[in-house]
Amino acid sequence: MNELPFYKPQGNEIELFEHAYRHQLPLLIKGPTGCGKTRFVNHMAARLGRPVYTVSCHDDLTAADLVGRHLIGEGETFWSDGPLTRAVREGAICYLDEVVEARKDTTVVLHPLTDDRRILPIERTGEILHAPPEFMLIVSYNPGYQNLLKGLKPSTRQRFLATRFDFPESELEQQVLISETGIEASLAKRLVTLANALRALKDHDLEEAASTRLLVYTATLIEGGYAPLEACRAALVEPLSDDQETVAALMDVVEVTFGG
C-alpha cells in the first residue's frame with residue numbers, strides 16, 4: 001500500500017471532505033497561496049483510493065481544455081477527452097486549482113455536474129455523461145486575489161460546500177516543516193517565528209504572505225547545508241517581492257530572527 005501524502009489537519013476538513021465524497025457533493029476550498037490546499041486534495045484522493053486530475057486554471061483556459069476537443073491524426077479526426085471528462089468517465093476526483101483565474105464562460109460547464117443532475121453534456125459529440133458515485137469535483141481559489149473582474153460568480157459558488165484554509169498554527173506548522181524536511185525542532189520554530197513576523201507585514205508592504213510552501217523550501221535548503229541567511233533570501237524573501245527596498249527590509253527581519 002502506497003504511503004499517503006503527508007498532511008496535518010487544521011480542523012475538521014478531513015471529515016467534511018469524506019462526507020462530501022460520500023454524499024456526492026462538490027467542494028470549494030478557499031485559502032491563501034501555499035497553505036496546503038493542493039496537498040490536502042492529494043492526501044484525500046490517496047486516502048479514498050481515487051485518482052485525481054488536477055487543472056491549474058488560467059485566463060486562457062477554455063471549456064474545450066476541460067471537456068475535450070477533436071484532433072487530427074493519421075489522416076482522420078478523433079475525439080480526445082479533457083481532464084474533466086476523463087475524471088467523470090473514470091469516477092476520479094477533478095481538482096480545479098485557482099478556479100477564479102478561468103474565464104467565467106468556462107466555469108459554466110461545471111454547473112450540470114454540481115447539482116442533482118451530475119451530468120456532463122459534451123456538445124461536440126452529443127454525448128451526455130452521467131457521473132458515477134465515485135466522481136468528485138473540487139475547486140479552490142485564493143480570496144485575497146478577488147476583485148470585481150476576477151471572482152467566482154455567486155451562481156457557481158453557491159453550488160459547492162465550502163471550507164476555508166489558513167496558514168497552520170505555529171506548533172502545527174513546525175510539525176509540517178520537521179516532517180517534510182527533517183530539520184531540527186529549534187530551527188523549525190525559528191522559521192515559523194520568522195514567517196509570522198513577515199506575515200504581519202502583508203497588509204502594509206506585501207501582496208502575498210509568506211506561505212508554508214516557501215518555509216518548506218527554505219528548510220530544505222538549510223537542511224541541505226545552505227547558509228540560513230541566504231536560504232531565507234532565496235526561498236522566502238525574494239519570492240515575496242521584486243522591490244529592492246522591500247527585500248532589504250524583509251532581510252532585516254530575517255537577520256534579527258537569525259541573530260545576524
Side-chain angles (χ1 to χ4, degrees), residues 2 4-5 17 20-30 33 37-142 145-162:
N2 294 331
L4 294 180
F17 192 110
Y21 177 77
R22 191 177 307 125
H23 295 286
Q24 302 172 30
L25 299 172
L27 181 64
L28 163 63
I29 305 174
K30 299 182 280 187
T33 300
K37 300 188 295 293
T38 299
R39 172 61 66 91
F40 171 62
V41 173
N42 289 332
H43 173 85
M44 292 306 301
R47 187 183 179 109
L48 294 170
R50 304 309 306 158
V52 57
Y53 288 91
T54 299
V55 179
S56 297
C57 298
H58 52 81
D59 289 337
D60 296 325
L61 186 74
T62 66
D65 291 326
L66 291 178
V67 177
R69 52 170 53 87
H70 284 102
L71 301 175
I72 299 177
E74 298 183 357
E76 62 180 8
T77 300
F78 65 94
W79 174 260
S80 176
D81 284 342
L84 178 62
T85 303
R86 290 197 296 272
V88 173
R89 289 192 196 278
E90 297 173 19
I93 292 171
C94 185
Y95 173 47
L96 306 184
D97 187 24
E98 294 298 344
V99 69
V100 294
E101 297 292 336
R103 300 191 318 225
K104 290 182 172 60
D105 60 333
T106 299
T107 56
V108 169
V109 304
L110 306 177
H111 287 190
L113 281 169
T114 53
D115 57 29
D116 58 351
R117 292 173 292 174
R118 281 176 58 87
I119 61 172
L120 178 62
I122 304 178
E123 294 182 2
R124 296 186 182 186
T125 65
E127 187 177 9
I128 296 179
L129 296 181
H130 292 264
E134 297 82 8
F135 169 77
M136 185 176 185
L137 179 64
I138 306 169
V139 302
S140 74
Y141 68 91
N142 179 356
Y145 280 154
Q146 284 201 97
N147 55 44
L148 293 176
L149 298 177
K150 192 168 285 189
L152 203 59
K153 292 174 59 176
S155 60
T156 300
R157 190 171 59 244
Q158 292 187 28
R159 293 172 177 270
F160 291 81
L161 300 181

For this session: Given side-chain contact (heavy atoms from CB on, under 4.5 Å), test Ile29 with Val41 step by step and report yes or no.
Result: CA-CA 10 Å; Ile29 305 174; Val41 173; 3.8 Å; yes
For this session: Determine yes or no for a side-chain-to-main-chain donor-acceptor pair under 3.5 angstrom, with Glu98 supplying the side chain and Ser56 the backbone.
Result: no
Exercise. Would one find more than 12 heavy atoms of other residues, nucleotides or ligands at under 6.0 Å from atom CD1 of Ile128?
Worked result: no
Exercise. Quick one: are Leu110 and Leu84 in side-chain contact, heavy atoms under 4.5 Å?
Worked result: yes
Problem set entry | Reported NE2-to-OG1 distance for the pair His111 and Thr107, which is rounded to 0.5 angstrom | 5.5 Å
For this session: Would you indicate whether the side-chain heavy atoms of Tyr21 and Arg50 approach each other to under 4.5 Å?
Result: yes
Exercise. In Å and rounded to the nearest 0.5 Å, what is the OH to CG distance from Tyr141 to Leu96?
Worked result: 13.5 Å
For this session: Mind listing the closest non-hydrogen atom pair of Pro112 and Asp115 along with its distance?
Result: O-OD1, 3.3 Å
Exercise. What's the spacing between Leu28 CG and Thr156 OG1 if we round to 0.5 Å?
Worked result: 10.5 Å
For this session: Would you confirm whether Arg118, through its side chain, and His130, through its main-chain N or O, come within 3.5 Å as a donor-acceptor pair?
Result: no
Exercise. Are more than 12 heavy atoms from other residues, nucleotides or ligands located less than 6.0 Å from atom CG of Leu71?
Worked result: yes
Problem set entry | Criterion side-chain contact (heavy atoms from CB on, under 4.5 Å) on Phe160 and Leu137, from CA distance to verdict | CA-CA 9 Å; Phe160 291 81; Leu137 179 64; 4.0 Å; yes
For this session: Looking only at non-hydrogen atoms, find the nearest pair between Lys30 and Ala162 and report the distance.
Result: CE-CB, 4.4 Å
Seminar exercise, completed: Tightest non-hydrogen contact, residues Leu113 and Ala131, listed as CD2-CB, 4.1 Å
Exercise. So how far is it from Met136 CE to Arg22 CZ, rounded to the nearest 0.5 Å?
Worked result: 11.0 Å
For this session: Can you spot which of Val55, Thr38, Asn42, Leu27 makes a side-chain contact (heavy atoms from CB on, under 4.5 Å) with Tyr95?
Result: Thr38
For this session: Considering non-hydrogen atoms only, spot the tightest contact between Ile72 and Phe78 and give its length.
Result: C-CE2, 4.0 Å
Exercise. Under the side-chain contact (heavy atoms from CB on, under 4.5 Å) criterion, do Tyr53 and Glu90 qualify, and how do the steps go?
Worked result: CA-CA 10 Å; Tyr53 288 91; Glu90 297 173 19; 2.7 Å; yes
Exercise. So, for Phe135 and Cys94, which heavy atoms are closest and what is the spacing to 0.1 Å?
Worked result: CE1-CB, 4.1 Å
Problem set entry | Intermediate values then yes/no, side-chain contact (heavy atoms from CB on, under 4.5 Å), Met44 and Ile93 | CA-CA 10 Å; Met44 292 306 301; Ile93 292 171; 5.9 Å; no
Exercise. For the residue pair Arg159 and Pro26, what are the closest heavy atoms and their distance?
Worked result: O-CG, 3.1 Å
Exercise. CD of Glu127 to CZ of Arg89: how many Å apart, nearest 0.5 Å?
Worked result: 4.0 Å
Seminar exercise, completed: Here the gap from Thr85 atom OG1 to Leu129 atom CG, rounded to the nearest 0.5 Å, amounts to 6.5 Å
Problem set entry | Residue from Asp60, Asp59, Leu61 passing side-chain contact (heavy atoms from CB on, under 4.5 Å) with Cys57 | Leu61
